[in-house]
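Please read the structure below before turning to the comments.
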Amino acid sequence: MKLSHRFTADSALFDDPNLVSAAGLVPMIALAERAGLGELAQQRLSVPTDKGANAGAKVCALVGGMVAGADSIDDMALLRHGAMKKVFSACYAPSTLGSFLRAFTFGHVRQLDAVASRVLTNLAHATPVVKGLDEYAVVDVDDTIIEVHGYAKQGAGFGYTRVRGLNALLATVSTEQAAPVVVAQRLRKGSVGSPRGADRLVAEALATVARMRSTQANRPVLVRADSAFFGHPTIGAAVRAGAQVSVTVRLTSNIRAAIATIDEQAWTPIEYTDAIKDEVTGAWISRAEVAEAPFTAFTAQARSRHVPGRLVVRRIPDLNPKNGDGQDQLFDTWRFHAFFTTTDPAVLDTVAADKTHRAHAVIENVNADLKNSALAHLPSGKFAANAAWLVLAILAFNLTRAAATLTGPQLARATTATIRRTLVTVPARAASSARRLHLHLPTNWPWQQAWKRLFASVCGPPLPATT
């Protein structure tokens, strides 16, 4: 590609009032309205004074800006260019939206949490965003540090990553047919321990999943987490809600004792790094092996807190780096990775349970996706405003994911950046004809069929009523 004309300094003019840079916001906001975002926010948010007026419209504006790529308050200015005020109403200035967020308290953030939960439930009923939820549902819990700079951020501190920031605790739900969406979220101080408040978050996440599932769902939800969440508060909350758990454990003395009881003949090779499949027998030839033993968690606590289950262990050779240089190993030594699970062995045997547990890493993709979009920054010095920003970022993430599933399978598992590039940031010219507004988009847009499917789905006949 090269320039076909010679340009001068006055060849580019910002003088067309009928252009918009993100025509994809039209179906996105239409879908948000059908999911009840503005109406729910207007009903439930009680932010005081004039700063909290028209809360529903302000929440929709913030979510729309994030969908279009805003990751700071100043970026919300993209809602006020060209023909945006012809296409949308209530295109608020960044200063107005910033004042709105700074008026939040913790109670208002919890009100916004309730809005996010109900909007996701409505999206689940109106789109295939959680397709297959009745047959299989996995809730992943993890926390991540959002790095911040400067000393004006309330609650910022150094956590387990030794990075100064704030701690975001997330719970996602995924199925065999759908990519993860976030069902619960909480912003915490940067120096907080990972499991703090996780029991409440798990309870709220499972309650949201229960509302999204139909009455025909009979398979329990599986809650996965890493070793930071191996404790009775988190696991107990999941068990009380009727869920099963799969949580990594630390190699404490009682865990090592349980591993020592496993018979040498019980280890089964698995598909793992450098594994080879025998074409004749179909068995895996691998140095990674799995086995399990019965295990009851939290036996040092009161009997009412005991949780019976299985200890599934994966072992990998711990190789001598000097092996082969005249210092060969006299016997095999192993590195063990264990997790505790309450799943039914008739449904998930040892190999399947290990493979299912390793898929917990899917939540790391969600963390990276959020940090590559609206959570690139936490824009305010006030903790409550940043906590509200987190919830709004989750709303934008879930809305973007739901919209992508309406276009077909190609974008259903795409990242937010890909969805934004193909569906949202499409330039268009707004033109009026017979008192109706029309959008003229670029010819030969590579993803025009996906865009048309989304537009027809949400701007066509009404979707079924949601609650």
Side-chain angles (χ1 to χ4, degrees), residues 117 120-121 123-125 128-142 169-185 195 197-249 290 292-299 303-313 338-363 366 398:
S117 173
L120 178 58
T121 301
L123 288 173
H125 293 158
V129 67
V130 285
K131 185 178 181 181
L133 192 67
D134 287 349
E135 291 80 26
Y136 180 79
V138 178
V139 171
D140 289 291
V141 180
D142 195 16
L169 179 63
L170 304 178
T172 66
V173 64
S174 58
T175 73
E176 292 178 336
Q177 305 174 57
V181 291
V182 182
V183 289
Q185 61 285 318
D199 51 343
R200 291 186 179 182
L201 184 98
V202 167
E204 292 173 11
L206 292 174
T208 301
V209 172
R211 287 194 294 269
M212 290 192 291
R213 302 181 98 186
S214 70
T215 55
Q216 284 74 36
N218 52 19
R219 184 172 175 178
V221 178
L222 177 63
V223 177
R224 295 185 299 208
D226 59 30
S227 60
F229 300 93
F230 182 72
H232 185 271
T234 305
I235 292 178
V239 172
R240 285 192 299 273
Q244 297 174 338
V245 299
S246 181
V247 183
T248 306
V249 298
V290 294
E292 69 171 80
F295 187 78
T296 300
F298 317 121
T299 54
R303 186 176 295 274
S304 61
R305 290 177 166 243
H306 294 185
V307 180
R310 309 150 58 196
L311 186 69
V312 179
V313 186
F339 64 92
F340 172 75
T341 181
T342 59
T343 54
D344 185 353
V347 177
L348 288 178
D349 61 17
T350 308
V351 175
D354 175 74
K355 187 174 182 179
T356 299
H357 182 76
R358 279 187 279 139
H360 170 64
V362 70
I363 195 173
V366 176
N398 290 342

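In terms of heavy-atom proximity, P195 sits nearest to T234 at O-OG1, 4.5 Å. Here the shortest heavy-atom pairing between A353 and R310 reads CB-NH2, 4.2 Å. In this structure, R213 and Y136 approach most closely via the heavy-atom pair NH2-N, 4.4 Å. Across M212 and A124, no two heavy atoms sit closer than the pair SD-CB, 3.6 Å.
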Determine whether T341 and Q244 satisfy the following criterion, side chain to side chain contact (heavy atoms under 4.5 Å, CB included), listing intermediate values before the conclusion. CA-CA 7 Å; T341 181; Q244 297 174 338; 5.9 Å; no
Apply side chain to side chain contact (heavy atoms under 4.5 Å, CB included) to the pair F229 and V245, showing each step before the final yes or no. CA-CA 11 Å; F229 300 93; V245 299; over 6 Å; no
Given F230 and T248, is the side chain to side chain contact (heavy atoms under 4.5 Å, CB included) satisfied, shown in steps? CA-CA 7 Å; F230 182 72; T248 306; over 6 Å; no
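H357 and S246 share a side-chain donor-acceptor pair at under 3.5 Å. Looking at T350 and E292, their side chains do bring a donor and an acceptor atom within 3.5 Å of each other. In summary, the side chains of Q177 and T175 do not present any donor paired with an acceptor at a separation below 3.5 Å, with no hydrogens or angles considered.
In this structure, the side chains of P180 and I363 stay at 4.5 Å or more apart for every pair of heavy atoms.
A donor-acceptor distance shorter than 3.5 angstrom exists from the side chain of R224 to the backbone of T356, with no hydrogens or angles considered. The backbone N or O of V182 sits nowhere less than 3.5 Å from a side-chain atom of T172 that would complete a donor-acceptor pair. Checked by atom type and distance alone, the side chain of D142 never pairs as donor or acceptor with a backbone atom of D226 at under 3.5 Å.
Here CG of D134 is found 7.0 Å from CD of Q216. Values are rounded to the nearest 0.5 Å. Interatomic distance, N398 CG to Q185 CD, rounded to the nearest 0.5 Å: 8.0 Å. To the nearest 0.5 Å, atoms CD1 (I235) and CZ (F340) are separated by 6.0 Å. Atom CG of L311 sits about 8.5 Å away from atom CZ of F339, to the nearest 0.5 Å. The NZ atom of K355 sits 11.5 Å away from the CG atom of L348 when rounded to the nearest 0.5 Å.
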Which pairs would a plain distance check flag for residues 198-211, meaning a side-chain donor or acceptor within less than 3.5 Å of a matching protein atom at least two apart in sequence or in another chain?
{"residue": "E204", "atom": "OE1", "partner": "R186", "partner atom": "NH2", "Å": "3.2"}
{"residue": "E204", "atom": "OE2", "partner": "R110", "partner atom": "NH2", "Å": "2.5"}
{"residue": "E204", "atom": "OE2", "partner": "R186", "partner atom": "NH2", "Å": "3.2"}
{"residue": "T208", "atom": "OG1", "partner": "S117", "partner atom": "OG", "Å": "2.9"}
{"residue": "T208", "atom": "OG1", "partner": "E204", "partner atom": "O", "Å": "3.1"}
{"residue": "T208", "atom": "OG1", "partner": "R211", "partner atom": "NH2", "Å": "3.3"}
{"residue": "R211", "atom": "NH2", "partner": "S117", "partner atom": "OG", "Å": "2.5"}

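Tested against H360 for a side-chain contact (heavy atoms from CB on, under 4.5 Å), the candidates D140, V138, L222 yield a single pass: D140.
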